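Letters A, B, ... are given to chains in the order of the sequence lines, protein chains preceding strands, and every chain is numbered from 1. What you see is a predicted model, and the numbers here were worked out from it, not measured in a lab.
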Amino acid sequence: MFSAIYIEEEVANTARVESILQKFPDIPQIRCERYGEIFNRKAQNFRLQKRAPALILAKKYGKLVLPAPAGYGFDASASYYFSHMLNCVYDCRYCFLQGMYRSANYVLFTNYEDFGAAIDDVIEQSAGSSVFYSGYDCDSLALDPVSNFCRFFVPEFSRHPQATLEVRTKSTQVRHLLEMQPIPNCVIAMSFTPEEAAARWEHKVPAIGKRIEALGKLQKAGWKVALRFEPIIFGSEIFEAGAEASDTLAAYRQLFIDVFEKIDPSTVHSVSTGLFRMPVSYYKNIVKLYPDEALFARQTETRQGLVLFSIDRESEQLEALEKLLFGFINRQQYYRCA
Amino acid sequence: MTHRSGVNLVVAHALEAKPLIGFFRLRRQLAAKPYPIYGGEEGICLIVSGLGRQAAAAATLHLGKWQAQQMGAVSGWLNIGIAGHQKLAIGEGILAHKIIERASSSCFYPSQMFSGFHTGDVISVDAPELNYPENAAYEMEASGFYASAMSFANAELAQVYKIISDNPSNSVEKIDARFVSDCMSGQIDQIQRLVSGLQELAEVYNDAYQLPEVLMQLGSNVKPTVTQQFQLKRLVQRYHALNRSDELNDFLNKSFNSARQLMAELELNLRQSGGQ
């Protein structure tokens, strides 16, 4: 699972870290002063490191809860995100994390109590309702059997019914959630792309069918679930030669059929779509990392500091996709990510 | 399995080098001075650095620069040698997961890319350590080697492997030529596994990042500026990524007034028939 575990001296003797280390007695355990010595150093290659990533156990300092980027979420309420973990166990070729970090190692910040206190402070200072996103810099559920993220943070939000926690994931690690009593202000949001796109770009990610199955179990157990059809990447290269752009729509039609066969749309919390977009600097880093990747050889354009793939009749195609989606859900459940 | 990517072995002493030279069938490279450098057909290169971290650093830099003139590809780097240890038995091997330079307290963390090895801390000291105060391998070259190797490779492609030659029960005074040879030979399978692993990683790296030959040919007639060289490189990479490298041959057969014109036509061709 990990090639090694690096442990910051400051957290080495904490109960949470000791409990994690006990699960991996045969993996090299290496002490370090600060996680940045390994994570932020120069002369490392994300692409090679992804072949044998390590886990870094560390303490997070500074601002632990940050305002969410504009247009990120489903609600007009005050929105925040927190990252108890940096990097993802999956290897999605379109993911911005590849361009954001120098290292492919996973950093797990184990001072959950400090995160909890910071969340408490923000909620107390917020006049009305608020939304907290987890899974912006990682996949919160993918490492849940190791991190016990849900066992700490779901009870944290059960004490704050005016605040909502969205856990964004592609993982099927839902056992801890299924063992808990669902709370109304926690939403598990599962991301999907069509089968062809997943096969081409979503490496190490559970199969779509398994993800649907996991989400269905959560829904049946009473958890609020959401669907994130992101990133939308129109184009023909994932299909057989000679395919048309309309094949992307056909692929989404099949995906929607598969999803809504198992997920009851009437109780889905929210459904979103979003085109592939990425900050320019991250995109440039990714192109350097994967110069041989066809996806990044496409024509691009820049809008408000974000790189997008150039698409013929973009609005028309997006609207066609939304029309397909509205065959399954209410418009009130839907939002398009900016 | 043959690889075109290489691995550089850096060893302190000729006694440590001898079993490796024999096993990997290396030959002295006459052109290389002042250090003894040995090379073989499988892309493996060995340099004898001399004792101490400064000597290891200098030899590693020398080999890296010498090699940069010979070939463009990135190589793996491996420092091999004997070391003392508080707990490990004589003849055991240890792959460094942390290198501590005692004089400066600097730490280095080689990425752990290979499973199935005993790993541990390696402490680089300036004089032989006879008391083994910590649970670590004591030696004299790793930190110097690693700092220099980082000039030519990344943390995944530089590794340190030490073979235990002395411990509290077997003093350093017992070490002689035969003993060193036996220590190195006893770990040759593990060393070979590391070398193969590094070659494979270097191969992955070079496959991804080595520049296509056609880039030089395209640029040779139009004299691109430095900025244009980067732009032209990216255009050629895009053709390769989109599996359209064959189309570049058409551009080789045409003449262009300037790099700007060449790039404009390459770009136009990508847009016109790319469908994306």
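Of the two parts of A/I38, only the side chain, counted from C-beta on, holds a non-hydrogen atom closer than 4.5 Å to a non-hydrogen atom of chain B. At a 4.5 Å heavy-atom cutoff, the contact between B/P110 and chain A is made by backbone atoms alone. Within the 4.5 angstrom heavy-atom criterion, only backbone atoms of A/K288 (N, CA, C, O) approach chain B. For B/A153, the part lying under 4.5 angstrom from a heavy atom of chain A is the backbone only. Both the backbone and the side chain of A/F296 come within contact range of chain B, judged by heavy atoms closer than 4.5 Å. Contact annotation for A/L289: both backbone and side-chain heavy atoms come within less than 4.5 Å of a heavy atom of chain B. B/L157 touches chain A through its side chain: at least one heavy atom from C-beta onward sits under 4.5 Å away, while N, CA, C and O do not. Interface remark: B/H240 contributes no atoms to any contact with chain A (heavy atom separation under 4.5 Å). Proximity to chain A (any heavy atom under 4.5 Å) is restricted, for B/T119, to the side chain, taken from C-beta onward.
The two residues B/A241 and A/A297 come nearest to each other via the heavy atoms CB-CB, 3.9 Å. Looking at every heavy atom in both residues, B/M113 comes nearest to A/L48 through CE-O, 3.0 Å. Minimum interatomic distance between A/N45 and B/E156 (heavy atoms only, all atoms of both residues): N-OE1, 2.8 Å.
Sparse packing is recorded around NZ of B/K87, with 12 or fewer heavy atoms of other residues, nucleotides or ligands lying under 6.0 Å away. The number of heavy atoms from other shown groups lying within 6.0 Å of CZ (B/R260) does not exceed 12. Counted within 6.0 Å of NZ on A/K284, heavy atoms from surrounding residues, nucleotides or ligands total 12 or fewer; the atom is thus considered open.
A/R298 contributes atom CZ, which lies 9.0 Å from atom CG of B/L242 (distance to the nearest 0.5 angstrom). Rounding to the nearest 0.5 Å gives a distance of 10.0 Å between CE of B/M150 and CD of A/Q44. The OH atom of A/Y6 sits 8.0 Å away from atom NE2 of B/H97, with the distance rounded to the nearest 0.5 Å.
With B/K98 contributing its side chain and A/I30 its backbone, the two residues share no donor-acceptor pair below 3.5 Å. Formation of a donor-acceptor pair under 3.5 Å by the A/R41 side chain with backbone atoms of B/Y109 is found in this model.
Classification of A/R51 and B/E200 as a salt-bridged pair holds, one side-chain N sitting under 4.0 Å from a carboxylate O.
Of the residues considered (A/D26, A/I27, A/N105, A/D292), A/D292 shows the highest number of contacts with chain B, using heavy-atom pairs under 4.5 Å. Per-residue counts of heavy-atom pairs under 4.5 Å with chain B were compared for A/A52, A/A54, A/A43; the largest is that of A/A43.
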